[in-house]
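Worth saying up front: this structure is predicted, and the values here are computed from it rather than measured.
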Amino acid sequence: MGSGFFVGIIGVLILSHAAYSTIQYRNLLKITEEEFSGVPINVVMELIAGLVFCMWAALTVPGKFLSILPHSDENRVVSLPANLGYMIFNHRGKAFPLDMDVKLKL
């Protein structure tokens, strides 16, 4: 668990606090009988900060990408699944013409 994980937790907490602030703001407007025209600017800034933290954590937490070796034996299918009864080859795709050189008529 590196720093990216903790930044992600902080981002989620900021987003939760922004949601709670919006709910509190709407309740305050109901008490004062005013119209809801939008969220305050501090909640918008909080949402943007939480979004940035969560995106940064999502990009850094998974780790390094490993390359796929094309000649590895682990990438080969060595056996067919045991449930071959579910494989259906008789479907509507047979109705399509085999030659796909058909041009659209406008």
### Task
Of all the heavy-atom pairs spanning A18 and L47, show the shortest one and how long it is.
CB-CD2, 3.7 Å

### Query
Can you tell me how far the NE2 atom of H17 sits from the CD atom of Q24, to the nearest 0.5 Å?
9.5 Å

#### Entry: Which atom of T60 lies closest to which atom of G4, heavy atoms considered
OG1-CA, 3.8 Å

### Query
Shortest non-hydrogen contact from C54 to G11?
SG-C, 3.5 Å

### Message
Hydrophobic clusters here meaning ILVMFWY residues chained together by side-chain heavy-atom distances under 4.5 Å, can you tell me if V12 and F5 are in one?
### Response
no

## Note on the structure
On a heavy-atom basis, the closest approach of V43 and T22 is CG1-OG1, 3.3 Å

## Note on the structure
Of all heavy-atom pairs linking E46 and S21, the shortest is OE1-OG, 4.5 Å

### Query
Does one hydrophobic cluster hold both F36 and V44, with members joined at side-chain heavy-atom distances below 4.5 Å?
yes

### Message
Show the nearest heavy-atom pair for residues Y25 and G38, with the distance to one decimal.
### Response
CE2-O, 3.4 Å

### Query
Mind checking who shares a hydrophobic cluster with F53, ILVMFWY linked at side-chain heavy-atom distances under 4.5 Å?
V7, I10, I14, W56

### Task
Please answer: with hydrophobic residues joined when any side-chain heavy atoms are less than 4.5 Å apart, are I48 and V39 in the same cluster?
yes

